[in-house]
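Heads up: the structure comes next, in structure tokens.
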Amino acid sequence: MHRWSQLFIPTLREAPADAEVASHKLLLRAGYIRQLGAGIYSYLPLGQRSLNKIIAIVREEMDRIGQEFLLPALNPAEIWQESGRWTGMGQNMFRLKDRKGAELCLAMTHEEVITSIARNELRSYKQLPQIWYQIQNKFRDEPRPKAGLLRVRQFTMKDSYSFDIDQASLDASYQKHYDAYCRIFTRCGLEFVAVDADSGAMGGSGSQEFMVYTDAGEDLIASSASGYAANLEKATSRLTPIEDLAPTGDGLPELVSTPGKASIADVTAFFGIQASQDIKCVAFMGSIVGHPAGEPWRPVVAFLRGDHQVNETKLNAIAGTAELRPMLPEELELYIGGPAGYLGPVGIAQVMGGGSLNGLKSGKALDKLKGIFREDATGKLEALDGGTYPLKTIVVMDTGLEGRANLVAGANQLDMHFRNVTPGRDFTPTVIADIRNINEGELDPIAGEPMRLGKAVEIGHIFKLGDKYTKSMGARVLNADGKEVTPIMGCYGIGIERILTSAIESSAAKFAAQTSAAITPGAPSSPTALSSAKVGGSVATESYALSPAIAPFACVVTVTNIREPELLAAGEKIGAALSAAGIDTLLDDRDERAGVKFKDAELIGVPYRINIGKKLSEGLVELVDRLTNTTTDLPIDEVTEHLRTLVN
RNA sequence: CGGGGCGUAGCGCAGUCUGGUAGCGCACCUGCUUCGGGAGCAGGGGGUCGGAGGUUCGAAUCCUCUCGCCCCGACCA
């Protein structure tokens with residue numbers, strides 16, 4: 001049992017002005033952390049206790065599937081040069097020189113170190129599979145540390161690496177991690193989802209990120225009750241069928257004069273249709289991936305349902321471009337042949353293949369194009385450096401338009417639209433692909449459950465690496481046939497601090513929702529709700545509670561007045577009994593007013609509080625369960641058993 | 001790296017525009033009272049105003065440079 005009077009728990013009534021997000025303010029106010037520099041924090045006793053508990057859970061679960069190492073944070077440059085990441089990591093790696101001038105770095109991850117061990121020690125398939133993990137400080141020279149512990153330059157990470165002889169074995173190692181991660185995050189009291197992540201450039205075959213929904217997060221994800229979950233860049237949806245318009249006239253595209261109707265809203269109102277019955281055109285210039293000169297642009301034109309938005313990441317992937325910018329008016333004229341507001345797919349094929357510079361009047365587009373192309377004798381554009389650039393306009397149609405008919409679309413003439421536009425018949429896109437952002441409430445593609453869309457923070461990542469490091473660093477083992485083969489790897493990370501941070505964020509969001517619910521609707525004059533929320537007041541209002549598994553203490557015994565010997569004696573007794581029962585207990589034996597103790601106990605996130613006060617004369621104490629926000633009176637001799645049930 | 005903001009006591013801030021001996025609240029120390037929701041009264045301690053240079057009789061305040069931190073963007077195993 002710990003006594004509050006003897007601990008260092010520097011709580012603050014007000015948060016430093018630098019703190020913006022809830023978890024940052026609360027960690028500071030609760031005395032968990034103090035900032036030393038941008039993205040650099042000291043962990044005070046409370047923070048350290050909580051992180052140690054998280055680490056203990058991680059270690060326990062990881063020991064079930066692997067073995068713990070501790071690898072150096074200080075790495076010689078050589079191994080990073082071997083893997084190609086000495087230059088590849090760019091500015092994100094802290095680098096330094098020793099007294100002899102040798103180059104070193106502070107490791108931001110440990111594939112190189114672990115692979116150097118593997119190549120020196122692993123000889124035979126009989127030694128595989130291996131799962132090696134460590135819990136270590138990592139260093140990253142973030143361009144922009146922010147949000148308290150959410151994005152920092154030094155942090156604790158559990159990282160593990162698997163070595164397997166073949167894909168099936170890697171799949172098994174990967175699955176072990178998936179299962180272990182689910183157990184870890186569940187034990188920490190987190191509500192999380194595992195999303196499919198991009199395994200792209202790393203050449204891996206599978207990757208998932210474990211995410212916790214919170215507005216403080218930097219990623220956007222979608223998930224549904226069926227278990228479907230994906231990054232916004234990958235998420236797709238099952239669309240509910242749209243009723244197509246009946247054809248008019250002969251059913252073929254019909255020109256309609258639509259003076260001044262340049263927006264979707266104007267056009268749909270004019271025709272009396274839904275936005276989903278209209279074709280939206282979004283025209284970009286995309287910078288070509290890997291172009292030697294740096295930025296030649298390729299025209300990329302996207303058509304979507306009027307009520308959908310382009311996801312530029314998806315579109316980049318389809319178009320083979322790295323970055324998209326809107327076309328300038330001159331470029332619209334050149335590549336599509338119509339003015340903004342009246343762009344459409346019909347006839348766009350005729351201008352595919354590029355146009356002539358003559359069509360351009362002036363401006364940046366002309367200058368830019370003149371820097372890249374010249375006109376040949378026939379008026380066609382030709383690249384100045386003789387390179388072959390895809391001049392063809394890439395026309396991408398979103399899958400949301402597949403099978404549709406009789407849509408309204410721009411006619412590539414000022415003040416004109418077509419109706420009766422039917423994809424496939426009236427125009428043929430270069431490619432049909434999912435390039436839209438999904439929307440909240442759309443149905444997931446697997447089970448058709450409604451999806452939730454929101455910001456989230458990544459707390460873990462599992463990844464089938466393949467042979468990237470084993471190959472470049474020359475790790476080889478003999479297989480059963482006596483043949484030398486390259487083992488394949490997986491890598492798997494967990495951000496320890498992010499478990500704490502996201503737990504606080506999630507809980508604080510719930511408390512905030514309760515508070516605003518208490519103030520806003522029915523009872524505007526409720527004095528207690530108003531005073532606790534202190535609208536416009538100076539006292540901070542954020543609150544939260546952690547799961548007993550990761551809170552610095554599972555339980556706090558609050559002696560409301562230590563000058564009453566019976567209360568203090570009862571507190572000592574109950575605290576000792578709880579500790580003896582294996583419950584991590586803090587006795588608040590400070591000579592403070594009850595209100596101060598209540599506030600502090602809430603601030604430090606302890607989930608269960610035993611108030612020892614007036615009712616003691618009746619043999620009762622109060623249990624405040626912060627996770628369910630309930631208060632109950634308990635007979636003294638039932639406290640331990642009750643808490644034991646709650647904690648486990 | 002681009003844009004914006006801020007550095008005055010442990011925390012939150014005023015004072016800077018218009019130069020004239022550095023203030024308020026909380027926290028801290030002492031005493032008395034109070035004692036279940038961040039107590040009251042009285043007394044007290046604590047700041048070379050981020051740093052350097054300059055202008056001036058005089059600089060927290062004006063000028064130049066510099067360091068740091070926060071936010072938006074870019075970037076992000």
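Lettering of chains follows the sequences in order, A, B, ..., and the numbering in each one begins at 1. Note that the structure is a prediction, hence the values are computed from the model and not measured.
A/G37 comes within contact range of the sugar-phosphate backbone alone, with a heavy-atom separation under 4.0 Å but no base atom that close. A/R590 comes within 4.0 angstrom of no nucleic acid atom, judged by non-hydrogen atoms across all strands. Across all strands, A/E142 comes closer than 4.0 Å to no nucleic acid atom at all (heavy-atom distances). Residue contacts shown for A/E458 include a base, since a base heavy atom lies under 4.0 Å away. Nucleic acid contact for A/Q35: sugar-phosphate only, since backbone atoms but no base atoms lie under 4.0 Å from a heavy atom of the residue. Residue contacts shown for A/K146 are limited to sugar-phosphate atoms, with no base heavy atom under 4.0 Å away. Within the nucleic acid shown, A/P143 comes within 4.0 Å of at least one base atom, counting heavy atoms only. Within the 4.0 angstrom heavy-atom criterion, no nucleotide atom of any strand lies near A/D159. At a threshold of 4.0 angstrom between heavy atoms, the contacts of A/T560 include nucleobase atoms, whether or not backbone atoms are also involved. The residue A/A147 sits close only to the backbone: its heavy atoms come under 4.0 Å of sugar-phosphate atoms, none of a base.
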Scan nucleotides 31-34 of chain B against the protein and return all N/O pairs shorter than 3.5 Å with their distances rounded to 0.1 Å.
residue : atom : partner : partner atom : Å
B/U34   : O2   : A/R593  : NH1          : 2.6

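Within the 4.5 Å cutoff, side-chain heavy atoms of A/Y161 are placed close to those of A/T109.
Each of A/I612 and A/Y41 was assigned the nucleotide of RNA chain B with the nearest heavy atom; the assignment lying further toward the 5' end belongs to A/I612. Nearest-nucleotide assignment on RNA chain B puts the 5′-proximal partner with A/A17, out of A/A17 and A/R151.
On the P atoms, B/G44 is 27 Å away from B/A14, given to the nearest whole Å.
For A/R144 and B/C71, a side-chain-to-base donor-acceptor distance below 3.5 Å is absent, hydrogens and geometry of angles not being considered.
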Intermediate values then yes/no, salt bridge (charged side-chain N to carboxylate O under 4.0 Å, His left out), A/E82 and A/R119
CA-CA 13 Å; A/E82 282 185 65; A/R119 73 173 165 194; 2.6 Å; yes

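Aromatic ring centres of A/H642 and A/Y608: separated by at least 6.0 Å. Proximity of the aromatic rings of A/Y492 and A/F210 is defined here by a centroid distance below 6.0 angstrom, and this criterion is not met.
Between the side chains of A/S543 and A/R626, at least one donor N or O sits under 3.5 Å from an acceptor N or O.
When the options A/N611, A/L646, A/T631 are evaluated for a side-chain contact (heavy atoms from CB on, under 4.5 Å) with A/L623, the one that passes is A/L646.
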